[in-house]
Amino acid sequence: MKQVKLVLEDGTEIQGESFGAFTSAAGEVVFSTAMTGYPENLTDPSFAGQILVLTYPMVGNYGVPGEDLYESISKIFESDQIHIAGLVVNYYSEEHSHWNAAKSLGDWLKEYNIPGIFGVDTRMLTKKLREKGAMLGKIVAEQDIPFHDPNQDNLVAQVSQPGVQHYGSGKNKIVLVDCGTKTNIIRCFLERDVELIRVPWDYDFTQIDYDGLFLSNGPGDPKMCETTIAHLQTALQQDKPIFGICLGNQLMSLAAGGDTFKLKYGHRSHNQPVLLTGTKRSFITSQNHGFAVDTATLPDEWTMLFENLNDGTCEGIRHKTKPFFSTQFHPEAAGGPEDTEYLFDEFLTAVEKYKAAQPK
């Protein structure tokens with residue numbers, strides 16, 4: 001094994017061994033406490049620009065599945081490539097065993113020239129990130145490189161699919177604004193008999209005839225998406241149902257007149273508890289975000305829909321009279337719990353109600 005090191009902006013240097021591509025990479029170092037699901041996490045566009053620390057001690061033991069398509073999208077992965085800048089684990093299992101494994105995690109990382117480092121005390125590293133917050137870092141192989149802050153980039157523009165794409169031919173026409181969408185969002189809609197029109201992040205969707213609008217997840221600072229926010233402000237003047245997830249929650253808040261802020265170390269796990277506001281109903285959710293909505297800045301016609309039971313931050317908003325709502329967590333999971341997938345049904349019910357109320 002070749003030696004590499006993880007270097008943090010506070011001067012910390014951690015020696016480890018290389019797996020994946022033997023190359024240097026820089027980004028924002030964040031951690032995820034998910035126990036499984038690295039094929040889904042690594043292909044989630046919301047991780048773009050980030051060096052991901054997996055807290056589960058053994059990684060790679062079940063390998064990586066082969067590609068299998070459904071309606072031209074992957075049945076397994078959350079996009080068509082790996083989006084992380086680098087991977088940090090405690091113990092990397094060189095031997096993998098699983099019924100649908102096609103390759104090792106290390107070989108998969110090599111395909112996309114992504115470096116990995118193992119032999120790292122990820123518990124110590126996670127405690128540091130929790131105390132000091134997410135920080136810049138780099139995995140250094142033979143050649144040193146400068147630090148890079150991905151939050152200064154328009155990451156959404158980098159991961160959004162170019163051009164308009166169509167899926168399905170169902171009874172409800174939904175526009176999906178792709179800010180880095182996970183493919184399980186598309187799967188969830190296709191299972192519910194919709195015609196899905198996927199448009200790039202800066203596309204003027206207000207010129208399309210649609211029944212409902214969906215705002216996807218995505219990476220980075222939501223305030224970088226000025227064009228999307230401007231189009232969304234126009235959509236909020238109408239009454240057509242709107243549903244947003246993760247970054248979509250932040251974009252809806254900004255378009256409504258609210259504000260967002262960067263979390264100290266973000267929410268990245270499969271076990272975040274949220275409370276449905278005004279009830280005693282709680283759900284376990286899958287999350288991956290570094291920014292949150294400041295509910296104190298929301299206009300009077302908006303209210304918090306879900307609250308994070310760990311830190312009290314906003315996990316969703318809704319309009320008090322119009323069919324607009326969003327969640328900071330991922331109802332489509334992949335990976336993680338599916339407690340809140342019913343929200344897709346609630347959105348489509350709102351779409352049906354809206355259509356029924358229109359003059360014939």
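We count residues from 1, following the sequence as given. Quick caveat: nothing in here was measured; it's all calculated off a predicted structure.
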Side chains of [X] and [Y] only: does a donor on one sit below 3.5 Å from an acceptor on the other?
{"X": "Gln272", "Y": "Asn308", "value": "yes"}
{"X": "Ser46", "Y": "Asn217", "value": "yes"}
{"X": "Ser326", "Y": "Asn249", "value": "yes"}
{"X": "Thr181", "Y": "Asp178", "value": "no"}

Inset, instruction - Write out all pairs satisfying salt bridge (Lys or Arg N to Asp or Glu O under 4.0 Å) with one or both partners inside residues 114-129, taking only residues at least two apart or from two chains. - result: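 Those involving residues 114-129 are Asp10-Lys128.
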
Legend entry - Where at least one partner belongs to residues 30-56, residue pairs that pass salt bridge (Lys or Arg N to Asp or Glu O under 4.0 Å), sequence neighbours excluded: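 For residues 30-56, and leaving out neighbouring residues, there are no salt bridge (Lys or Arg N to Asp or Glu O under 4.0 Å) pairs at all.
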
Carboxylate-amine/guanidinium proximity below 4.0 Å for [X] and [Y]:
{"X": "Lys75", "Y": "Glu67", "result": "no"}
{"X": "Lys264", "Y": "Asp311", "result": "no"}
{"X": "Arg192", "Y": "Glu341", "result": "yes"}
{"X": "Glu78", "Y": "Arg187", "result": "yes"}
{"X": "Lys138", "Y": "Glu9", "result": "no"}
{"X": "Lys173", "Y": "Asp211", "result": "no"}
{"X": "Asp300", "Y": "Lys320", "result": "no"}

Legend entry - Single hit among Trp108, Tyr70, Tyr38, Tyr112 for ring pair (Phe, Tyr, Trp, His ring centres under 6.0 Å) with Phe77: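 Testing Phe77 for a ring pair (Phe, Tyr, Trp, His ring centres under 6.0 Å) against Trp108, Tyr70, Tyr38, Tyr112 leaves exactly one candidate, Trp108.
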
Legend entry - Sequence neighbours excluded, every pair satisfying ring-ring contact (aromatic ring centres under 6.0 Å, His included) that has a member inside residues 222-242: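 Residue pairs with at least one partner in residues 222-242: Phe205-His231.
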
Legend entry - Residues in side-chain contact (heavy atoms from CB on, under 4.5 Å) contact with Thr126, at least two apart in sequence or another chain: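 Phe31, Val53, Thr55, Arg130.
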
Legend entry - For Pro273, side-chain contact (heavy atoms from CB on, under 4.5 Å) partners two or more places apart: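 Only Ile284, Leu309, Asn310 meet the side-chain contact (heavy atoms from CB on, under 4.5 Å) criterion with Pro273.
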
Legend entry - Any side-chain heavy-atom pair of Glu346 and Leu343 under 4.5 Å: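 Yes, side chains in contact.
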
Inset, instruction - Provide the full list of side chain to side chain donor-acceptor pair (under 3.5 Å) pairs with a residue in residues 80-89, sequence neighbours left out, each pair given once. - result: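 Non-adjacent pairs meeting side chain to side chain donor-acceptor pair (under 3.5 Å): Ser79-His83.
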
Inset, instruction - Give me the ring orientation class for His319 and Trp302: parallel if the planes are under 30° apart, tilted from 30 to 60°, perpendicular past 60°. - result: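 Taking Trp302 first and then His319, their aromatic rings stand perpendicular (interplane angle over 60°).
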
Legend entry - Ring geometry between Phe329 and Phe306 (parallel below 30°, tilted from 30 to 60°, perpendicular above 60°):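 Ring orientation, 0 to 90° scale: perpendicular.
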
Legend entry - Ser282 side chain to Leu275 backbone, donor-acceptor under 3.5 Å: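 No, because the side chain of Ser282 does not come within donor-acceptor range (under 3.5 Å) of the backbone of Leu275.
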
